[in-house]
Amino acid sequence: MGEDGRGAGSSFGTQDTDFEWSQGHRAAQASSDVEIFRRVWRNEKAAPEILPYDHLLLQRIREQILLMEDTLSTFTGAASDELTLSMYRMDIDRTMFLLRAYLRIRLLKIEQFAMHILRTEELWERLSQQEQDYAQRYIDILQKHMEQTVLSKLPFGYQSMLRQATSSEEDDMIPEPTLDTFVFCKSKEPIGSLQLDDRGEEVVDMLTDDLYILRYRPVKRLLETDRIELV
Amino acid sequence: MPLEAVITNCYILVSVSPLDVLRTDHTFGKHTRTRTQTEEERMFGRRAAQLCSELAQNDDDRLRRFDNDLFDQVIEEANEHYHQLETRMVKMQQEGLDIETTQNRDYFGALIHHLSLVRNKRCLMSYVYNRSQSVQRLRWQLGAVLPADLQEKLNFSEKEFFKNYSDLLGSYMTSIDLDLTVDTTPPKDPYIQVRVMDDLGEVLLDDQSTTLLRNSIHLMKRTEAESLISQGLLEEFTG
């Protein structure tokens, strides 16, 4: 997502002070980035597992917000009418909300599944640098807390945070997201027949803009290739 | 301690009712009888279950005091299970029995103690973990400083966890240069009407200093009002 050429070579920059709100193609571009981001946010919100972090998109969104703030302050200096100003303010606030809500929902997932993400390379790569630091430190402080209150007081052989006992065959105390949970998903293009189970007994035929409630696991790949979106 | 043998044969438990094993398990029964009276309370893992059910009473994020007494009792129970487990294992070894294959009452006794221990461990951890989640929510709602009445509901390690978590969240928000704790509801209007709950004196809002007096009503930016609202200093005025 975001690599579709629409905004990758963004002409925005914070230095761009003579930016005008009414300028046609730029306005269109602005709305499309925010629109993509809104979809990314919705997907993140609905998906049970953490989704890839799009650095470029996030960077563009943040640049855009700065730019809008800049423009707004230039306007505030000049005598312009209150209503217009508050509309612009509103626009910034909405984008800011989107940005914060997006990062918040990611943090929540990182906290919940930190150890699972850390041991699964594919998931680990989906975090931003700051999020990786966060996950690592979060595990550290949680582990310390657990050790102080519970683990150090238990008998030898039962003191691991990740295993019930040393005799367990694998780390069996790591919470993982439920990938079999149901999600609302909407196809963005004709998908064709989608197999929902291993045996091929349940198949659904998805056309453009079809809305289905399906398990997350079978649609996971479609979401990664941006052929469906979650709503 | 060949616990592996115990765990690999776990499936055998299905065919044995735990109660049968408990009845033959006189040593443990005698030991706990001094503390608990009724048959039901002597059941393994009962206290751990009580501990977990206390979590359910933490409704509305109104955190209860850390139950040290019950918590320590469960820890003690876990260690007692281990003691019993060890005794049986040693006994079997002394009798020259192969732990992999022998399935006598010592074996099942040990297995039950192992499983009870593991269950107690899970309950203890989920008690601590779930409370730590409430502690994290407090950081989001109230900021980096906890009011005294909440402080005393946390145990020592939880206070430390709160501080560490607060630092962690703080440094993450600094690293991305964004305060994530504000703006928790989608904005409908950039401005919001608020009523002041207490005399707050001079406050710097939107680069202007304003005096907030008790019960006065102000129109201010939502982003600025939110942190004050969550601290209970302002409330949204809808009248």
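Note on naming: letters A, B, ... go to the chains in the order of the sequence lines (proteins, then strands), and numbering restarts at 1 for each one. Every heavy atom of this structure was used, including side-chain atoms; hydrogens, water molecules and symmetry mates were not.
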Next on the checklist: Using a 4.5 angstrom heavy-atom cutoff, name the option from B/Ile176, B/Asp177, B/Leu168 with the most pairs to chain A.
Outcome noted: B/Leu168

How about [X]: does its [atom1] atom have over 12 heavy atoms from other parts shown lying under 6.0 Å from it?
X: B/Arg122; atom1: CZ; answer: yes
X: A/Leu211; atom1: CG; answer: yes
X: A/Glu121; atom1: CD; answer: no

Item to check | Donor + acceptor pair across side chains of A/Arg137, B/Ser171 (<3.5 Å) | outcome: yes

Which bit of [X] is near chain B, if near means a heavy-atom gap under 4.5 Å: side chain, backbone, both or neither?
X: A/Gln129; result: neither
X: A/Leu107; result: side chain
X: A/Met173; result: side chain

Item to check | Any side-chain heavy-atom pair of B/Tyr129 and A/Met146 under 4.5 Å | outcome: yes

Of the non-hydrogen atoms in [X] and [Y], which two are nearest, and what is the gap between them?
X: A/Leu154; Y: B/Leu124; value: CD2-CD1, 4.1 Å
X: B/Lys121; Y: A/Arg163; value: NZ-O, 2.6 Å
X: B/Tyr172; Y: A/Tyr134; value: CB-CD1, 3.6 Å
X: A/Pro155; Y: B/Ala78; value: CG-O, 4.1 Å
X: A/Leu103; Y: B/Leu178; value: CD1-CD2, 3.8 Å

Enter the distance from [X]:[atom1] to [Y]:[atom2] here, rounded to the nearest 0.5 Å.
X: B/Lys159; Y: A/His145; atom1: NZ; atom2: NE2; value: 12.5 Å
X: A/Ile141; Y: B/Phe162; atom1: CD1; atom2: CZ; value: 11.0 Å
X: B/Trp140; Y: A/Arg104; atom1: CH2; atom2: CZ; value: 6.5 Å
X: A/Arg100; Y: B/Met173; atom1: CZ; atom2: CE; value: 9.5 Å

Region of [X] that comes under 4.5 Å of a non-hydrogen atom in chain A:
X: B/Leu117; value: side chain
X: B/Tyr165; value: both
X: B/Val182; value: both
X: B/Glu158; value: both

Checklist entry - Does the ring pair (Phe, Tyr, Trp, His ring centres under 6.0 Å) test come out yes or no for B/His114 and A/Tyr158, once each step is laid out? => result CA-CA 10 Å; B/His114 168 74; A/Tyr158 294 87; 5.7 Å; yes

Next on the checklist: Donor-acceptor pair, distance only, cut-off 3.5 Å: does the side chain of B/Asn164 make one with the backbone of A/Asp140?
Outcome noted: no

Checklist entry - Passes side-chain contact (heavy atoms from CB on, under 4.5 Å), A/Thr149 versus B/Tyr127? Steps please. => result CA-CA 10 Å; A/Thr149 27; B/Tyr127 183 69; over 6 Å; no

Item to check | Residues B/Gln133, A/Gln112; criterion side-chain contact (heavy atoms from CB on, under 4.5 Å); working and verdict | outcome: CA-CA 9 Å; B/Gln133 297 306 296; A/Gln112 220 171 352; over 6 Å; no

Checklist entry - Is there a side-chain contact (heavy atoms from CB on, under 4.5 Å) between A/Leu142 and B/Ser132 once you walk through the steps? => result CA-CA 8 Å; A/Leu142 186 67; B/Ser132 76; 4.0 Å; yes

